[in-house]
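Structure, as structure tokens:
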Amino acid sequence: MNTEPVTEHDARLIRGVFHSLEEHYGWFDWWPTSDPYQIMMGAILVQNTNWKNAEKALDNLGKTIAPQQVADMELATLAQAIRSSGYYNQKALKLKAMTQWFADYNYDIQAVRAKDTEVLRKQLLAVKGIGGETADAILVYAIGKASFVIDAYARRIFERNGLVVPKSYEKFHDLMEAVIPPNTKTYGYYHGLLVEHGQQFCHLKPKCEQCPLVAQCKGAFITY
DNA sequence: ATCCAGGCTGAGG
DNA sequence: CCTCAGCATGGA
């Protein structure tokens, strides 16, 4: 992680938003599945889609499907099975690529966990179809490493709350990690808070009227 | 019917 | 470095 200087203003703003979200929503365990491989698949299937469509695809594959089965499956068969998640031809290739990466560890999640976070992150980012958000989600929820997850809601929420959000994923990711001390549980929870809050109030067309953060949401009516 | 959802890649400026 | 078309289904 890069350590660029963070202004105290930005740090307080960021901590303030999370503090408000924590107070309002309380604790919850967010990712809907617990099996590491299901989480990895889910992280890919949910790309630019809602969880409902991704979940149908996961159900179609079966809750107990083993990585070796995905590795052995015909590409076209795999694609049809995950049709509901959208971009199914692309995602079939992505699932294959991710599974191939996992195969290098003999599908042994403990062997993966033994590796260093940054090493794993680079490996994941090198997998075709895995970008920043997917890599960080896999690190946090499937592998149990502290790597801050950024998504469209994180951008909107912080932009609307007056933060000058770095344009690149990496810079925003680094900023959050510089402000929020690395902790797997915290990072998992915070991403969950941002998505839950975002889904309720921070669509492209914001619903600021009932938003619990509206008082401090300076850009309440920005429509990005 | 149009718009959006828990992105990523590769080509081109 | 940055922008952007293309990828595709299902629900509102």
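Chain letters run A, B, ... following the sequence lines, proteins first and then strands; every chain starts at 1. This one's a predicted model, so the numbers in the text were calculated from it and none came from an experiment.
Ring geometry for A/Tyr37 against A/Phe102 counts as parallel: the plane angle stays under 30°, on a 0 to 90° scale with 60° as the upper cut. Relative ring orientation between A/Phe18 and A/Tyr190 is described as parallel, the plane-to-plane angle staying below 30° on a 0-90° scale split at 30° and 60°.
Residue A/Tyr153 contributes atom OH, which lies 13 Å from atom C1' of B/dG7 at whole-angstrom precision. The CG atom of A/Asn48 sits 16 Å away from the P atom of B/dC3 (whole-angstrom rounding). B/dC3 atom P lies 19 Å from atom CG of A/Asn53, rounded to whole Å. Rounded to a whole Å, the CG atom of A/Leu125 is 16 Å from the P atom of B/dG7. The distance from atom CD1 of A/Ile44 to atom P of B/dC8 is 10 Å, rounded to the nearest whole Å.
Checking side-chain atoms of A/Gln38 against main-chain N and O of A/Lys63 turns up a donor-acceptor pair under 3.5 Å.
Proximity of A/Thr99 to A/Tyr107: side-chain heavy atoms (C-beta onward) are separated by under 4.5 Å at one or more points. When side chains are defined from C-beta on, A/Lys94 does not count as touching A/Tyr87, because their heavy atoms never get closer than 4.5 Å.
Both A/Ile130 and A/His191 lie close to DNA chain B; mapped to their nearest nucleotides by heavy-atom distance, the more 5′-ward contact belongs to A/His191.
Heavy atoms of A/Lys56 sit under 4.0 angstrom from primed sugar atoms or phosphate atoms, though from no base atom. Within the nucleic acid shown, A/Gly132 comes within 4.0 Å of sugar-phosphate atoms alone, with no base atom in reach, counting heavy atoms only.
Environment of CZ in A/Arg113: crowded, with over 12 heavy atoms of neighbouring residues, nucleotides or ligands closer than 6.0 Å. Counting heavy atoms of neighbouring residues, nucleotides and ligands inside a 6.0 Å radius, atom NE2 of A/His19 does not exceed 12 of them.
A sub-4.0 Å separation between OP1 or OP2 of B/dA5 and a side-chain N or O of A/Arg156 is present. Under 4.0 angstrom from either OP1 or OP2 of B/dC8 there lies at least one side-chain N or O belonging to A/Thr134.
Of the candidates B/dG7, B/dA5, B/dG10, B/dG7 carries the atom nearest the A/Glu133 side chain, counting heavy atoms from C-beta on.
Straight-line distance between the P atoms of B/dC8 and C/dG10: roughly 22 Å, to the nearest whole Å.
Chain A approaches DNA chain C over the interval C/dC7 to C/dG11, counting the first and last nucleotide 5' to 3' with an atom under 4.0 Å from its heavy atoms.
The aromatic ring centroids of A/Tyr153 and A/His197 lie 6.0 Å or more from each other.
Within residues 84-100 of chain A, the residues approaching DNA chain C are A/Ser84, A/Gly86, A/Tyr87, A/Tyr88, A/Asn89, A/Gln90, by heavy-atom distance under 4.0 Å.
Every pair passing salt bridge (charged side-chain N to carboxylate O under 4.0 Å, His left out) that includes a residue from residues 131-150 of chain A is listed here, sequence neighbours excluded: A/Arg121-A/Asp136.
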